[in-house]
There are 2 protein chains.
Amino acid sequence: MEIKRLNILRALDQHGTVIAAAQALHLTPSAVSQQLAVLAREADAVLLEKHGRGVRLTPAAHVLLGHADAIATRLEQARADLAAQRDGRIGRARISGFPSGIAGLIAPALARLKHTHPGWRFEVVQYETEQALPLLPARELDLAVVMTHPDLPAPDHPRIELHPLLDEPFEIALPADHPLAGRAEVTPGADLVDADWIITAPGTACHDLLLTACHQAGFQPRLVHTSTDFGAQLALVAAGLGVTIIPRLAQPELPRGVVLRPITAPAPRRRLMAAVRRGQGPTPLLDALRTVGAELAERGAPG
Amino acid sequence: MEIKRLNILRALDQHGTVIAAAQALHLTPSAVSQQLAVLAREADAVLLEKHGRGVRLTPAAHVLLGHADAIATRLEQARADLAAQRDGRIGRARISGFPSGIAGLIAPALARLKHTHPGWRFEVVQYETEQALPLLPARELDLAVVMTHPDLPAPDHPRIELHPLLDEPFEIALPADHPLAGRAEVTPGADLVDADWIITAPGTACHDLLLTACHQAGFQPRLVHTSTDFGAQLALVAAGLGVTIIPRLAQPELPRGVVLRPITAPAPRRRLMAAVRRGQGPTPLLDALRTVGAELAERGAPG
DNA sequence: CTCAATCGGTAGTTTTGCTACATGGAGATC
DNA sequence: GATCTCCATGTAGCAAAACTACCGATTGAG
């Protein structure tokens, strides 16, 4: 039951005679006859019967023929899918990101790809940077949106390469009725030494980043509230329970009662990058992420 | 792109390593490796990549794999269908009959087969006996329900064999208010010499049969109305426009205002037979037709 | 660091598939 | 009705392929 033999049967059905089928397949009639005999033995059925000078297909041959046509069609689809995959019209990818990376970069990028690359299937998983990176070489992930992080692989890492997506400053989120709310800039080390701080959980990149920034500014923030979710943090700010710093661009929706104020230079920044396996080449996904990142950088306040 | 190669890819996916796949297929690992290399060349795609000590399938391999699984399933269905056809669980047949044969024998037989042989597909075509017979050896028909007819092949015809289904008398159909309606038997040659006759079109078997019967009874019927359809004929009878003879059993539904009366012996009879290609062996269809015929004969008046 | 295991390449053998030619059978032609 | 023509198929020989046996390279495990 090989495809070659099934195609010989199909050719015989289409062309009527063994000789015509042989011509169409660039074979001799004898070869066609022999292969059909093998197919009949494999199928344990009589496929041909004499009819006049030629042959005709038996009912059993027609049963087989229906399936042979379906198989040929499916094989053609397989070839088409392989070609489509080669030039990027179809594909699958697993992407990871931390929450604000998913919301700010991955989701908009996938929304574009849904229209421009309808054949692609994407799966999104939430991981922090240090969890995501080892999953790339293991092929559990195809792309990870990561943040500036001590675990980041060196630029010449043999298996992972990094593509910058967005470089954005953190800003101070204050209650709208806060004394500093009217200021053009805020200097945490001077203005917010006594503030209550809201911070993401230890182990996240933002946590480390805040502490480092405050340390460099020469003071120890009083950490009072903890939530991993920027939305929840801002709700706490709006309720007047403290202040926090959040990335400027990845949080487009501010709740009422919260204002963002730039931080006096050098403001802490976070750098978002796309990590992919080295040598993977350009993908529609990476292109879309870079486009979204560039648009966000352009839209936001420069610096 | 041969099935053998696709199955090797499937085995590799199932068993994980080239060695395990080779064992499952009773091959050496080298053969598996070589065939996968050929498949990769045919698919114009990289199918394997090193992963630790073993290999793993690439995305392109998974694309191909999905189709390979579908093809393997379809091939299994083909084998099952061939087996089912061998032992008669599935099949196709074209059947011909004249109108009352279709209504009285073919339709009831197919109704049974629909339950007992759900895998069979039947096509019914209406032909008169002389049209149907040559279509049997040409394989345009697989079975024809035919009537006693001069063109009937001899019992030792080399390509066609005949199986008796039903031997039924014609009876006289009279308006219920006809003077003869109360009689136990009617003798057309004596009682109906002056009646208006309703008859099927020239060229049908019933037409010849009526004329022959009347001729033997020694009179010439006055043919007034013509219709091929027994239902239409009986409507004319009910309207008092004439009399006709119809086969007893194949017309179970009598309209109001019509009575059937037996004809004095020797009553004209018609013999229904199933014609099939010689050497075709028993088929569910032929069995069902014989059963229906036997039941009709048993139910109707014997003789 | 050594060992064990896996995969892939090469040479040689076996199996399969194809061609060339001949045979037999069934319309078509005269 | 004899011959001719066309078609399918069997046989022998040859070419292509698929497979085995063996070896080397690579990599993870102990």
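Below, chains carry the letters A, B, ... as their sequence lines are ordered, and counting in each starts from 1.
- Each of A/Gly52 and A/Leu27 has a nearest nucleotide on DNA chain C; the 5'-most of these lies closest to A/Leu27.
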Considering only nitrogen or oxygen atoms on both sides, find all protein atoms under 3.5 Å from nucleotides 7-12 of chain C and state each distance.
unit_1	atom_1	unit_2	atom_2	d
C/dC7	OP1	B/Val18	N	2.6
C/dC7	OP2	B/Val18	N	3.2
C/dC7	OP2	B/Ile19	N	2.9
C/dG8	OP2	B/Ser33	OG	2.6
C/dG8	O5'	B/Ser33	OG	3.4
C/dG9	O6	B/Ser30	OG	2.9
C/dT10	O4	B/Ser30	OG	3.4
C/dT10	O4	B/Gln34	NE2	3.4

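- At whole-Å resolution of the value, CG in A/Asn7 and P in C/dG17 are 14 Å apart.
- The pair A/Asp167-A/Arg271 meets the salt-bridge criterion, with a side-chain N (NZ, NE, NH1 or NH2) lying under 4.0 Å from an Asp/Glu carboxylate O.
- In the helix from C/dC1-D/dG30 to C/dC30-D/dG1, the end axes, each obtained as the rotation axis mapping the C1' atoms of four pairs onto the next four within a five-pair block, lie 30° apart to the nearest 10 degrees.
- A/Lys4 has its NZ atom 6 Å from the P atom of C/dG17, to the nearest Å.
- Within the structure, side-chain hydrogen bond (donor to acceptor under 3.5 Å, both in side chains) pairs that include any residue of residues 70-79 of chain B comprise A/His67-B/Arg74 (at least two apart or interchain).
- Protein atom CD of B/Gln23 is 12 Å distant from nucleotide atom P of C/dA5, rounded to whole Å.
- Every pair passing salt bridge (Lys or Arg N to Asp or Glu O under 4.0 Å) that includes a residue from residues 130-140 of chain B is listed here, sequence neighbours excluded: A/Glu49-B/Arg139.
- If you check every strand for non-hydrogen atoms under 4.0 Å, B/His51 touches nothing.
- Contact record, A/Phe98 with A/Glu128: CB-OE2, 4.0 Å, taken as the closest heavy-atom pair.
- When rounded to the nearest whole Å, the span between CD of A/Glu42 and C1' of C/dG17 equals 13 Å.
- Backbone-only contact: B/Arg5 has heavy atoms under 4.0 Å from sugar-phosphate atoms and none from a base.
- Between B/Leu289 and B/Leu105 the shortest heavy-atom distance is CD2-O, 3.7 Å.
- One interatomic measurement links the two molecules: CG of A/Leu39 to C1' of C/dG17, which rounds to 15 Å at whole-angstrom precision.
- Between B/Leu82 and A/Ala43, the shortest heavy-atom distance links the atoms CD1-CB, 3.6 Å.
- Residue pairs meeting the side-chain hydrogen bond (donor to acceptor under 3.5 Å, both in side chains) criterion with at least one partner in residues 21-31 of chain B, sequence neighbours excluded, are B/Ser30-B/Gln34.
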Using distance only, find each side-chain donor-acceptor pair of residues 3-11 of chain B under 3.5 Å and give its atom names and separation, not counting sequence neighbours.
unit_1	atom_1	unit_2	atom_2	d
B/Arg5	NE	B/Glu42	OE1	3.3
B/Arg5	NH1	B/Gln35	OE1	2.7
B/Arg5	NH2	B/Glu42	OE2	3.3
B/Asn7	OD1	B/Arg10	NE	3.1
B/Arg10	NH1	B/Asp69	OD1	2.6

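- The CZ-C1' distance, from B/Arg56 to D/dT26, rounds to 17 Å in whole Å.
- Other residues, nucleotides and ligands place more than 12 heavy atoms under 6.0 Å from the CZ atom of A/Arg86.
- Residue A/Glu49 contributes atom CD, which lies 14 Å from atom C1' of D/dA8 at whole-angstrom precision.
- Rounded to whole angstrom, the span from the CD atom of B/Glu2 across to the P atom of D/dA16 amounts to 18 Å.
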